[in-house]
Amino acid sequence: MANNVKLEVKFSGIDTKEIMLQAEQVEKIHQELRAKQAKENFLGWLTLPTSYNKIEFEKIKKCAKKIREDSDVFVVIGIGGSYLGARAVIESLTPTFYNLLPKEQRKTPQILYVGNNMSGTYLNDLVELIGNRDLSINVISKSGTTTEPAIAFRFFREFMENKYGVKEARKRIYVTTDKEKGALRTLAKKERYETFIIPNNIGGRYSVLTAVGLLPISVADIDIEKLMAGARFAQEKYSEENLKYNDCYKYAVLRNLLYQKEKNIEILVTYEPKLHYFIEWWKQLFGESEGKEQKGIFPAGAEFTTDLHSLGQYIQEGRRNLFETVINIEKQEANVQIHFDEDNLDELNYLETRTMDEVNHKAMQATIQAHTEGDVPNIVLNVDKLNEETMGHFIYFFELACAVSGKLLKVDPFNQPGVEKYKINMFQLLGKPGYEEK
């Protein structure tokens, strides 16, 4: 199948025997995750590709169609897991300069993101870009009180009401929040906004295949049926508890074995610029899940060959605490052939009739060889092509690998207690009631 992910190890020092020594522990984690799923929060993603709410799924497609028909701009308001997954999928599966295309070529709203920072300059620039065009907004927050999206939503709610009037604005505001409680749920009920549910048993960074990600993805006219099909394929494939036959579990084991060998920084590498935000989603997934109790692999990202001209020297000869996981897309959607030039001043005629994709893959092979010879282990995840099924597969692959990897590390991969520290300090500095300094 086109969406099948194949794992390849490109380094020595860890053999099959060492990997399989973890088989019993992995099997226990496999059984523990499934036993706890029915009783505990934050494990709903495990069977989501087969158990998702079909009624809400159809509602998502219906609302997305309406937004495509009545809006030139669609503003997604959220931070972290509330927007990274959607943006990762949209930018992976739409043209590289999607938002710069004229509307006639795009045929869907220009999708913009806000509420992921607190820069007034960013917000003003966004409003200037929107101009007088018609828009709809989707605010995504379980509580409705997370500072960054709450400020952005307060601004855009007023903006929409001034532009359209209260009644019409209500038809253009879509809310994704908790099913029963929270400030945003209360407001949505009062104002009669169209609402979608963030399931209680799925944490933010695992929520891309819920309405959190699916509404913006569907607005971009990406086939969410195929996205879920890819995730279903992965759910079935990685239901195998035997480590010998499960590449997802092998990836989790390999990164932990490397961590034990003082390789404590993982760089997720792509040779396709469209995967930039997929790397950002992956960084949050692993960073929030594993960085606890002064443990964890630091998740970093690089886009090659671009970053070979900035980070390449360090990766090749810097501190030897790195390893790389490379996403290799074997077949590109489009290609460019290199032609003969009579002057040949750039000395590229030796590449005549070759394609950029072929050169890119040779650069990848050369880089993997150079880095592994320089003591930077490489794990390669090969996939046939980039499409909806592939993205669904990758999302499930990394979510499951992250959960297993966290358990191997003996931390809870589903909480993020450290995130609250800066918030408490900020609330004290800003004088928020109830947060006065002692």
Problem - L254 side, atom CG; Q22 side, atom CD - distance, nearest 0.5 Å - result: 10.0 Å

Practice task
Check each of V76, I77, N99 against L112 using the side chain to side chain contact (heavy atoms under 4.5 Å, CB included) test, and report the only one that passes.
Solution key: N99

Exercise for the section: Apply the test side-chain contact (heavy atoms from CB on, under 4.5 Å) to residues H276 and E91: give CA-CA distance (whole Å), side-chain angles for both, the deciding distance (0.1 Å), then the verdict. Expected result: CA-CA 8 Å; H276 172 87; E91 299 205 5; 5.6 Å; no

Is it the case that more than 12 heavy atoms not belonging to [X] sit under 6.0 Å from its [atom1] atom?
{"X": "Y422", "atom1": "OH", "answer": "yes"}
{"X": "E236", "atom1": "CD", "answer": "no"}
{"X": "K295", "atom1": "NZ", "answer": "yes"}
{"X": "N162", "atom1": "CG", "answer": "yes"}
{"X": "E58", "atom1": "CD", "answer": "yes"}
{"X": "K65", "atom1": "NZ", "answer": "no"}

Taking [Y]'s backbone N and O only, do any of them form a donor-acceptor pair with [X]'s side chain (distance below 3.5 Å, no angle check)?
{"X": "N360", "Y": "Y271", "value": "yes"}
{"X": "D247", "Y": "L7", "value": "yes"}
{"X": "T177", "Y": "K142", "value": "yes"}
{"X": "R320", "Y": "G318", "value": "yes"}
{"X": "N246", "Y": "N242", "value": "no"}
{"X": "S119", "Y": "Y122", "value": "yes"}
{"X": "R34", "Y": "L46", "value": "no"}
{"X": "Y259", "Y": "G296", "value": "yes"}
{"X": "S289", "Y": "P413", "value": "yes"}
{"X": "K421", "Y": "P417", "value": "no"}

Practice task
For K10, enumerate each residue passing the side chain to side chain contact (heavy atoms under 4.5 Å, CB included) test, keeping only those at least two apart in sequence or located in another chain.
Solution key: E8, I368, T372, N378, V380

Problem - Test side-chain contact (heavy atoms from CB on, under 4.5 Å) applied to I395 and V89, step by step - result: CA-CA 9 Å; I395 288 164; V89 174; 3.8 Å; yes

For [X] against [Y], the heavy-atom pair lying closest together:
{"X": "A188", "Y": "T195", "value": "CB-CG2, 3.5 Å"}
{"X": "I55", "Y": "N53", "value": "N-OD1, 3.0 Å"}
{"X": "V212", "Y": "S207", "value": "CG1-OG, 3.5 Å"}
{"X": "I329", "Y": "E272", "value": "CD1-CB, 3.9 Å"}
{"X": "L268", "Y": "I279", "value": "O-CD1, 3.6 Å"}
{"X": "E56", "Y": "I197", "value": "OE2-N, 2.9 Å"}

Practice task
Output all residues satisfying ring-ring contact (aromatic ring centres under 6.0 Å, His included) with Y174, sequence neighbours left out; order by chain, then residue number.
Solution key: none

Handout entry: Qualifying residue, where the test is salt bridge (charged side-chain N to carboxylate O under 4.0 Å, His left out) with D72 and the options are K103, K107, R106, R133
Key = K103

Fill in the blank from the handout: Only one of R319, K261, K263 passes salt bridge (charged side-chain N to carboxylate O under 4.0 Å, His left out) with D375, and that residue is K263

Practice task
Decide yes or no on salt bridge (charged side-chain N to carboxylate O under 4.0 Å, His left out) for R255 and E266, but give the supporting numbers first.
Solution key: CA-CA 8 Å; R255 62 196 308 279; E266 178 178 14; 2.6 Å; yes

I'd like to check [X] versus [Y] (side-chain heavy atoms, cut-off strictly below 4.5 Å). Are they in contact?
{"X": "V383", "Y": "N4", "answer": "no"}
{"X": "P109", "Y": "V73", "answer": "no"}
{"X": "F233", "Y": "Y396", "answer": "no"}
{"X": "F196", "Y": "T210", "answer": "no"}
{"X": "N124", "Y": "V127", "answer": "no"}
{"X": "L243", "Y": "K250", "answer": "yes"}
{"X": "C248", "Y": "K237", "answer": "no"}
{"X": "L386", "Y": "E333", "answer": "no"}

Practice task
Applying side-chain contact (heavy atoms from CB on, under 4.5 Å), run through V208 and E399 and close with a yes or a no.
Solution key: CA-CA 10 Å; V208 58; E399 287 178 347; 3.9 Å; yes

Practice task
For the residue pair E280 and Q284, confirm or rule out a side-chain donor-acceptor distance under 3.5 Å.
Solution key: no

Exercise for the section: Identify whether the distance between the nearest side-chain nitrogen and carboxylate oxygen of E330 and K385 falls below 4.0 Å. Expected result: no

Aromatic contact, [X] with [Y] (centres under 6.0 Å):
{"X": "F323", "Y": "H371", "result": "no"}
{"X": "F156", "Y": "F159", "result": "yes"}
{"X": "Y52", "Y": "F57", "result": "yes"}
{"X": "W282", "Y": "F286", "result": "yes"}

Exercise for the section: Indicate the ring-plane relationship of Y249 and H30, choosing parallel, tilted or perpendicular according to the 30° and 60° boundaries. Expected result: perpendicular

Problem - Candidates F42, F398, F414, W281 - the one meeting ring-ring contact (aromatic ring centres under 6.0 Å, His included) with Y206 - result: F414

Exercise for the section: Decide salt bridge (charged side-chain N to carboxylate O under 4.0 Å, His left out) for E168 and R172; before the verdict, give the C-alpha distance in whole Å, the side-chain angles of both, and the deciding distance to 0.1 Å. Expected result: CA-CA 7 Å; E168 178 62 23; R172 293 175 172 273; 3.3 Å; yes

Problem - Verdict with supporting geometry, K66 and E69, salt bridge (charged side-chain N to carboxylate O under 4.0 Å, His left out) - result: CA-CA 5 Å; K66 176 184 179 294; E69 290 172 349; over 6 Å; no

Exercise for the section: Assess whether salt bridge (charged side-chain N to carboxylate O under 4.0 Å, His left out) is satisfied between R185 and D178, documenting all intermediate values. Expected result: CA-CA 6 Å; R185 169 56 63 181; D178 189 89; 6.0 Å; no

